[in-house]
Amino acid sequence: MNLVLFGPPGAGKGTQAKILQEKRGLPQLSTGEMLRAAVAAGSPLGKQVEAVLARGELVSDEIVIRIIAERYDRPDCADGAVFDGFPRTIPQAQALDRMLDERKRQIDLVIELKVDETILLARVEARINSGQSRTDDNPESLEKRLVIYRRDTAPLLDFYRQQGKLETVDGMAPVEAVTKAISVAIFTRSGKGAA
Ligand code: AMP
């Protein structure tokens, strides 16, 4: 099964992707984590994207499409994956459809974590206070990431709604309740993986 977790920064995509990975053995494919790892390793890719990440802007479609395809072709994705933070633009979503099509696969379900944007700043602040913050966890960067989310990423909701693949869950609920709602959505779609 191939799942996309969708929502603005701070919606809980990473948290839920990790839970899905643990519970269902579907690898979490987080472009944000891959890019941060490249920056931390000081690789050529890392050097290329470091400033863009720090500013809270999107790296090029070409780069993220390439790293996702490389990652998806590893054997642990044989049964599918959870896409976290990808796709973020319409061209990325089209490229993902093409990539999966070439492999005789498809996106099965897109789960939108719907949240009230006013809590996102509080969540990012909590991440800072817990010592788990990232270089792009600051109010200015968050504001920019939200503007970009609304402009470039939110239109994907219609893209996937038109494909009949979109399910929305309440991302404001406690973590366990969100996990449960995601399980129900998966179950309803596939008849597998009991809630
Ligand atoms: P995230 O961890 O998903 O919030 O991503 C952190 C940062 O990585 C973003 O603010 C972007 O700079 C970059 N990034 C992650 N995923 C993508 C993507 N799909 N397209 C472009 N840039 C991305």
Side-chain angles (χ1 to χ4, degrees), residues 2-21 26-73 77 81-100 107 110-115 117 119-128 130-157 159-160 171 175 178:
N2 292 290
L3 287 177
V4 173
L5 284 183
F6 194 89
K13 301 186 294 292
T15 301
Q16 295 299 332
K18 287 194 168 63
I19 294 171
L20 282 165
Q21 174 166 280
L26 291 174
Q28 172 195 18
L29 269 50
S30 160
T31 38
E33 285 190 5
M34 293 176 210
L35 294 167
R36 281 190 291 281
V39 171
S43 68
L45 169 66
K47 293 201 170 77
Q48 196 182 345
V49 300
E50 186 167 14
V52 182
L53 256 72
R55 284 198 302 269
E57 292 167 5
L58 293 185
V59 309
S60 72
D61 289 339
E62 192 199 331
I63 288 177
V64 287
I65 290 164
R66 192 183 72 226
I67 63 173
I68 275 287
E70 281 170 12
R71 178 65 188 85
Y72 191 79
D73 282 336
C77 296
V82 179
F83 295 91
D84 160 15
F86 178 90
R88 261 175 155 97
T89 64
I90 297 276
Q92 288 179 24
Q94 290 167 333
L96 178 60
D97 279 351
R98 275 197 303 275
M99 178 192 94
L100 292 172
I107 293 294
V110 177
I111 295 174
E112 175 195 14
L113 300 179
K114 202 174 177 62
V115 289
E117 284 192 7
I119 69 136
L120 296 178
L121 188 58
R123 284 195 180 178
V124 168
E125 278 168 354
R127 203 148 67 185
I128 294 170
S130 71
Q132 300 194 306
S133 67
R134 318 174 336 201
T135 47
D136 59 354
D137 274 342
N138 57 70
E140 298 74 39
S141 166
L142 177 67
E143 188 47 47
K144 190 181 281 170
R145 280 149 67 205
L146 278 175
V147 168
I148 292 171
Y149 173 80
R150 289 184 211 112
R151 188 190 65 202
D152 297 329
T153 308
L156 284 176
L157 287 171
F159 178 89
Y160 285 120
V175 172
V178 176

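Counting convention: from 1, in listed order, for ligands and their atoms alike.
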**Complete:** The side-chain contact (heavy atoms from CB on, under 4.5 Å) partners of A17 (sequence neighbours excluded) come to L5, Q28, V82, D84
**Asked** Which residue owns the protein heavy atom closest to atom 16 (N) of ligand 1, what's the atom, and how far is it?
**Response** T31 OG1, 2.8 Å
**Prompt:** For the residue pair F83 and Y72, does the interplanar ring angle fall in the parallel (under 30°), tilted (30 to 60°) or perpendicular (over 60°) class?
**Reply:** parallel
**Request:** Starting from atom 3 (O) of ligand 1, find the nearest protein heavy-atom neighbour and note its residue, name and distance.
**Result:** R88 NH1, 3.0 Å
**Item:** Closest protein heavy atom (residue, atom, distance) for atom 22 (N) of ligand 1
**Value:** V59 N, 3.2 Å
Would you be so kind as to tabulate the donor-acceptor pairs closer than 3.5 Å made by side chains of residues 33-48, with sequence neighbours excluded?
| unit_1 | atom_1 | unit_2 | atom_2 | d |
| --- | --- | --- | --- | --- |
| E33 | OE2 | K18 | NZ | 2.7 |
| S43 | OG | A38 | O | 3.4 |
| S43 | OG | G46 | N | 3.1 |
| K47 | NZ | G42 | O | 2.8 |

**Asked** Where's the contact between L35 and ligand 1, heavy-atom distance under 4.0 Å: side chain, backbone, both or neither?
**Response** side chain
**Prompt:** Which residue holds the protein heavy atom closest to atom 2 (O) of ligand 1, what is that atom called, and what is the gap in Å?
**Reply:** R36 NH1, 2.9 Å
**Complete:** For G85, the atoms of ligand 1 under 4.0 Å from one of its heavy atoms are 16 (N), 17 (C), 18 (C), 19 (N)
**Message:** For the backbone of P8 and the side chain of K13, can you confirm whether one donor and one acceptor N or O come within less than 3.5 Å of each other?
**Reply:** yes
**Fill in**
Scanning both residues in full, the closest heavy-atom pair of V178 with G171 reads CG2-CA, 4.2 Å
**Request:** Check V64 against ligand 1 and report side chain, backbone, both or neither, counting heavy atoms closer than 4.0 Å.
**Result:** side chain
**Asked** Nearest to atom 11 (C) of ligand 1 by heavy atom, E57, Q92, R55, R145: which?
**Response** E57
**Request:** Report the residue from V4, I67, I65 that forms a side chain to side chain contact (heavy atoms under 4.5 Å, CB included) with F86.
**Result:** I65
**Item:** Nearest heavy-atom neighbours spanning P9 and R145
**Value:** CB-NH2, 3.7 Å
**Request:** Considering the heavy atoms of L58, write down every atom of ligand 1 situated less than 4.0 Å from one of them.
**Result:** 21 (C), 22 (N)
